[in-house]
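Computed from a predicted model, the values in this text were never measured in an experiment.
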Amino acid sequence: MRLSALFTRLIVFSAAGALSVTAAQTTVTVVEERSVLAVQETLVDQGYEWATVLGDGLQVILEGEAPTEAVRFRAISAAGGMVDASRVIDNLSVTDSEIIKPPEFAIEILRNNAGVSLIGLIPASTDRDALAERITDIADGLPVTDLLEIADYPTPDTWRDALNYSLRALELLNKSKISVNADRVNVSAISDSPEEKRQLETALARNTPDGVRLAVDISAPRPVISPFTVRFILDDEGARFDACTADTEDALSQILTAASEAGFQERANCILALGAPSRTWGDAVAQSITAIDNMGGGTITVADTDVTLIAPAGTGQATFDNIVGRLENTLPDAFALQAELTALPTETTDELPQFTATLSPEGVVQLRGRVPDEITNTVVKNFASARFAQRDVTMGTRISDGLPSGWSVRVLAGIEALSELSNGAVIVEADKLQVRGNTGNEDASGAISRLLIEKLGQTADFEIDVTYVQELDPIAGLPTPDECIAQISAATDGRKITFDPGSADLTADTQPVVDDIAEILKACGDLRIRVSGFTDSQGREVMNQQLSQDRADAVLTALRARRVPVSTFESIGFGEENPIADNDTEEGREANRRIEFSLIVPESTVEETSTLDELAAEPIPEDPVEDTDDTTAESE
């Protein structure tokens, strides 16, 4: 009886234990499933689909490959927000990081009246001190703000050329922003005049380094023109501008559109300038051009607010009155119209007076024709001598009575117009003035037109036929590097750069030679030139080498004192190397003591070229090998 009760208790106890274990297991399973589900949903909602969630009892295991360490940490934090963080087991891995790409080396350089500032990233191989010294020299006493950072990564192949080019450009441009990277240089600058703008663009374009793209944007202040003038002619020879000036791009577009409709098909050398008398300038000029187009020909001159229309001979009176009337009523209020109908020529047997002035390509000026009196004749000669810089003026004039009113003014205006040309002729007649010739100034026609309008009035009948010749342009016609070296050789033919015995002091007799060389180099633009010093074989070799170096340095200093830009030059002393004569004779030793000028040409270049490769003294390593041409200028 007792044994049966004991078994009963054991069976009940065992059943209760089994039931408790089952209940506990069921509870753990439910908690595990709910935890895994909650964490998985949270990770998916937050964009971590790459993560897998597993359950192990009360533990939540995260597996998968996170793209970065930061993303891995955020995924663990998100899981810890749903379950106790102690239950989260981190089995996540991180994708192998890609090889870090080297940064882009770049510099922004600003230069203005307040100084020079630099910001950017440069290679660690750059000699920072030498670069700073170079920038300080360019700043010429103004403050230099250096915000450059350094990174130790491989230097791009073209970085050195781009940096050197930018430094040379910075030296030329007082107001500029230069952006530099390994394969591109962007130059934005302000020049003081259109002429300086052209000079700078020419100098920069000549020296673009290989493999580096160049973008140059140099702006110049607009010139102030008075009188503000447009002169348009439509005749049997076609449509053409003698002068073209506009105050805005929109006004210029209006003018050229009207001219195109009138038959103008050439390239218009129009100038954007200051000095327009009215904001309606473009509208007034366009209407005036349209008027002579409707008339079938004529000349329209707009000078400030005065509009002068000259209709061709043979135009019907009714047509003339109709077109002039419409123009007069539609012109903007500020403008006043004066119109003339050219009379048909009448036959006459009288000899018409004439004055002719010619300028030859060699600079010889000849004046022929009639003048009213001796005083005018003297004034004409003196005025021509002044306008043509005392060049040879040949007088073939004769005094004559009965000349038209204003003849002297017309003669002097013709001489002044001729002075705008490189060569040509001016013919002055009683009712007409003709100017023909060649020039190196693209705006010569406009300048002559404005001059004649100012001197003779808007109704004056004159004809301008001026041709722009690029070879005559003092900027576009800069000599080539080879021509520059040849000019130096010619200047030193029979003359030598000499020094006091045993020293590097230039003798007094040598100063004119250096002056001539300096003038040649100023006209040549930017070149890479080597000034080489040589001695004879007398004395110790080390001393001779040092003496030749000192003498080459002295020549470079003398050129710098004459305001020659020598930043791309280098001076080297070769001592007694490379003799050109026998050192056993006095004549040979005299010949061996010399200074040579030569172009610096990279070894890889087949032809001699001029580059801006040596702009910085030390910041960037020199080319391993450089060659020179064989053209030299001798000195003692």
Side-chain angles (χ1 to χ4, degrees), residues 225-273 275-278 280-315 319-320 323-324 326-328 330-332 334-342 417 432-436 442-454 456-468:
I225 293 180
S226 180
F228 213 73
T229 307
V230 169
R231 190 168 192 263
F232 185 80
I233 301 170
L234 180 61
D235 56 18
D236 294 339
E237 297 180 5
R240 62 190 182 277
F241 284 98
D242 273 352
C244 180
T245 312
D247 56 336
T248 65
E249 293 285 355
D250 289 341
L252 179 59
S253 178
Q254 281 184 287
I255 294 170
L256 293 181
T257 298
S260 177
E261 293 174 353
F264 179 74
Q265 298 178 348
E266 305 296 328
R267 185 179 73 88
N269 188 26
C270 295
I271 300 174
L272 288 174
S278 170
T280 58
W281 171 262
D283 185 34
V285 173
Q287 288 189 35
S288 303
I289 292 175
T290 301
I292 63 170
D293 180 30
N294 294 335
M295 199 171 291
T299 300
I300 193 74
T301 304
V302 186
D304 289 338
T305 56
D306 296 323
V307 180
T308 303
L309 184 152
I310 301 178
T315 302
T319 300
F320 175 79
I323 293 174
V324 170
R326 279 187 293 169
L327 178 60
E328 195 168 35
T330 57
L331 276 175
F335 294 85
L337 175 65
Q338 179 181 355
E340 292 185 6
L341 177 57
T342 304
K432 192 172 184 178
L433 191 150
Q434 302 176 56
V435 183
R436 289 184 170 85
E442 290 187 291
D443 186 42
S445 178
I448 292 172
S449 181
R450 291 189 292 271
L451 166 69
L452 296 180
I453 290 173
E454 180 182 5
L456 307 181
Q458 290 182 229
T459 60
D461 184 9
F462 55 85
E463 180 181 328
I464 300 173
D465 183 10
V466 173
T467 302
Y468 169 73

Shortest non-hydrogen separation from [X] to [Y] and the atoms involved:
| X | Y | value |
| --- | --- | --- |
| Leu331 | Ala284 | CD2-O, 3.8 Å |
| Val302 | Phe335 | CG1-CE2, 4.2 Å |
| Ile310 | Thr459 | CD1-O, 3.6 Å |
| Val466 | Ala444 | CG1-CB, 4.3 Å |
| Leu256 | Ala268 | CD2-CB, 3.6 Å |
| Ala239 | Gly263 | CB-C, 3.8 Å |

Determine whether a donor-acceptor pair (N or O, by modelled atom type, separation under 3.5 Å) exists between the side chain of [X] and the backbone of [Y].
| X | Y | result |
| --- | --- | --- |
| Thr257 | Ser253 | yes |
| Thr248 | Ala251 | yes |
| Thr229 | Pro227 | yes |
| Asp242 | Arg231 | no |

Less than 4.5 Å apart, side chain to side chain, heavy atoms only: is that true for [X] and [Y]?
| X | Y | result |
| --- | --- | --- |
| Ile255 | Trp281 | yes |
| Met295 | Val324 | yes |
| Thr315 | Pro312 | yes |
| Phe241 | Val230 | yes |
| Thr245 | Arg450 | yes |

What's the spacing between [X] [atom1] and [Y] [atom2] if we round to 0.5 Å?
| X | Y | atom1 | atom2 | result |
| --- | --- | --- | --- | --- |
| Lys432 | Phe462 | NZ | CZ | 11.5 Å |
| Leu327 | Leu337 | CG | CG | 5.0 Å |
| Leu309 | Ile323 | CG | CD1 | 8.5 Å |
| Asp247 | Leu272 | CG | CG | 8.5 Å |
| Glu463 | Ser449 | CD | OG | 12.5 Å |
| Gln254 | Ile289 | CD | CD1 | 10.5 Å |

Using 4.0 Å as the upper bound for N to carboxylate O, is an ion pair formed by Asp465 and Arg240?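 So Arg240 does not pair with Asp465 through a salt bridge.
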Worked check of side-chain contact (heavy atoms from CB on, under 4.5 Å) between Ile292 and Thr299: CA-CA 7 Å; Ile292 63 170; Thr299 300; over 6 Å; no
